[in-house]
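The next block holds one structure in the form of structure tokens; read it before the comments.
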2 protein chains.
Amino acid sequence: MVTVEERIKELKKRGFKMTPQRRAIIEALHNDHTHPTAEDLYNKVKRMMPDISLATVYNTLELLEKIGGVLKLEVIGGKAHYDPFTEPHIHLVCTMCGKIVDVEKPVPRIELSEEEKQGFRLQGYNIVFYGICPDCQRKLN
Amino acid sequence: MVTVEERIKELKKRGFKMTPQRRAIIEALHNDHTHPTAEDLYNKVKRMMPDISLATVYNTLELLEKIGGVLKLEVIGGKAHYDPFTEPHIHLVCTMCGKIVDVEKPVPRIELSEEEKQGFRLQGYNIVFYGICPDCQRKLN
DNA sequence: TTTTAGTTTAGAATACTTCCAGTTATAAAT
DNA sequence: ATTTATAACTGGAAGTATTCTAAACTAAAA
């Protein structure tokens, strides 16, 4: 797991300025394993930094995404979730409440032949499982 | 590949009414292998049926989704795409323009252990490859 | 036919995200 | 330390995609 300091070092190395807002957002993201949305992070950071803007959270997440510092998960119901753990891994998504958890399992290696690639220059792939989480199963009864 | 008539029969069997709008939307969807958005379908159907409403397209797609008659793909950039081919298959998505194509390859079987499921009741899984399509590669030069 | 319950329509409402203009702060240069 | 140039921040407006609403309409059953 990459640390907060490593992410910050990477940003500086690329010539971006370090600000208290960025540090707070990166820390909040790294201390949160629930795959928070931008708004979740905004609410967390606002407790320590009441004047921060939601736009700054979006800007910082976009910046992190560009340098490979966060995975943006656009899986269900219009709200993007962010994952600080950027190594390839499988996600498990609840189709009722949208909750996302990581699956601790080696990602199966899937290769596409040249024909299957259809001329695309491949960048990677995602595997997402769908299901109903324990909480929502309980609500069904 | 399931036909338009089979989809319509399925809707009737479940007690839904058949309307010219629904038929037109289902036909437009089945004749389109580009994974259209709701708006794409709206624009296509409007040529034959100028008074149709975008809301009807959304309603019909939601209805189809409920009976398993279409796959809703929420992969990139906020706009849902719809796929009339509902057998499990791999998708290839362009990260520059959002284009989606099907991959003709048997879907690898991936099993999760009880521990890996974390109490979820599984419903299925998706595999999505990301890359840059031939058109967008050309634009890069 | 008549009935009725489901469907369509247009536009309003909502939800998430991006954009914008003015202000402020960082980091480099002096 | 001070200055300076530029990047980043803020709050609110704007932009998209989708859902909601209420009135008018219509498919299908009686």
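Chain letters run A, B, ... following the sequence lines, proteins first and then strands; every chain starts at 1.
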Quiz item: Which one, C:dT9, C:dT17, C:dT26, comes nearest to the side chain of A:Leu54?
Solution: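 Closest of the options to the side chain of A:Leu54: C:dT17.
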
Starting from [atom2] on [N], measure out to [atom1] on [X] and report it in whole angstrom.
X	N	atom1	atom2	result
B:Glu74	C:dT17	CD	P	12 Å
A:Lys66	C:dT18	NZ	P	11 Å
B:Arg23	C:dT8	CZ	P	13 Å
B:Leu61	C:dT8	CG	P	12 Å
B:Ile25	C:dT9	CD1	C1'	12 Å
A:Asn59	C:dT17	CG	P	13 Å

Quiz item: How does protein contact run along nucleotides 1-7 of chain C, one letter per nucleotide 5' to 3', with B for base contact, S for sugar-phosphate only, - for none, heavy atoms under 4.0 Å?
Solution: ----BBS

Quiz item: If you fit an axis to the five pairs at each end of the helix from C:dT1-D:dA30 to C:dT30-D:dA1, how big is the angle between those two axes, to 10 degrees?
Solution: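 That helix has its two terminal axes inclined by roughly 30°.
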
Practice problem: Shoot me the first and last contacting nucleotide of DNA chain D against chain A, ordered 5' to 3', at under 4.0 angstrom to non-hydrogen atoms. | Solution: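 Extent of the interface on DNA chain D: D:dT6 to D:dG11.
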
Practice problem: Please check if B:Met49 and B:Leu61 belong to a single hydrophobic cluster, counting links between Ile, Leu, Val, Met, Phe, Trp and Tyr side chain heavy atoms closer than 4.5 Å. | Solution: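 Yes, B:Met49 and B:Leu61 fall within the same hydrophobic cluster.
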
Exercise. Spell out, yes or no, whether A:Tyr82 and A:Val128 are grouped together once hydrophobic residues are joined by side-chain heavy atoms under 4.5 Å, including indirect joins.
Key: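 A:Tyr82 and A:Val128: separate clusters.
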
With a 4.0 Å cut-off on N to O distance, would you call [X] and [Y] a salt bridge?
X	Y	value
B:Lys117	B:Glu114	yes
B:Lys99	B:Asp135	yes
A:Arg109	A:Glu111	yes
A:Arg14	A:Glu10	yes
A:Lys79	A:Glu39	yes

Exercise. Could you check B:Ser53 against A:Tyr82 and say which one's nearest nucleotide on DNA chain C is further toward the 5' end?
Key: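 Whichever sits nearer the 5' end wins; that is B:Ser53.
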
Quiz item: How do B:Met49 and A:Lys72 order along DNA chain C: which one's closest nucleotide is nearer the 5' end?
Solution: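 By nearest-heavy-atom nucleotide position, the 5'-most residue is B:Met49.
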
Quiz item: Is there a donor in the side chain of B:Asp83 and an acceptor in the side chain of B:His91, or the other way round, less than 3.5 Å apart?
Solution: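 Yes, B:His91 and B:Asp83 have a side-chain donor paired with an acceptor closer than 3.5 Å.
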
Practice problem: Identify the heavy atoms of A:Gly69 and A:Thr86 that sit nearest to each other, and give their distance. | Solution: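 Heavy atoms only, the tightest pair is C-CG2, 3.7 Å.
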
Quiz item: Would you say A:Tyr58 reaches C:dT17's phosphate, i.e. side-chain N/O to OP1/OP2 under 4.0 Å?
Solution: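 Yes, within the criterion.
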
Quiz item: Is the number of heavy atoms from other residues, nucleotides or ligands within 6.0 Å of CD (B:Glu116) greater than 12?
Solution: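 Enclosed.
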
Quiz prompt | A:Met18, CE: over 12 other non-hydrogen atoms inside 6.0 angstrom | solution =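 Check passes, neighbour count above 12.
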
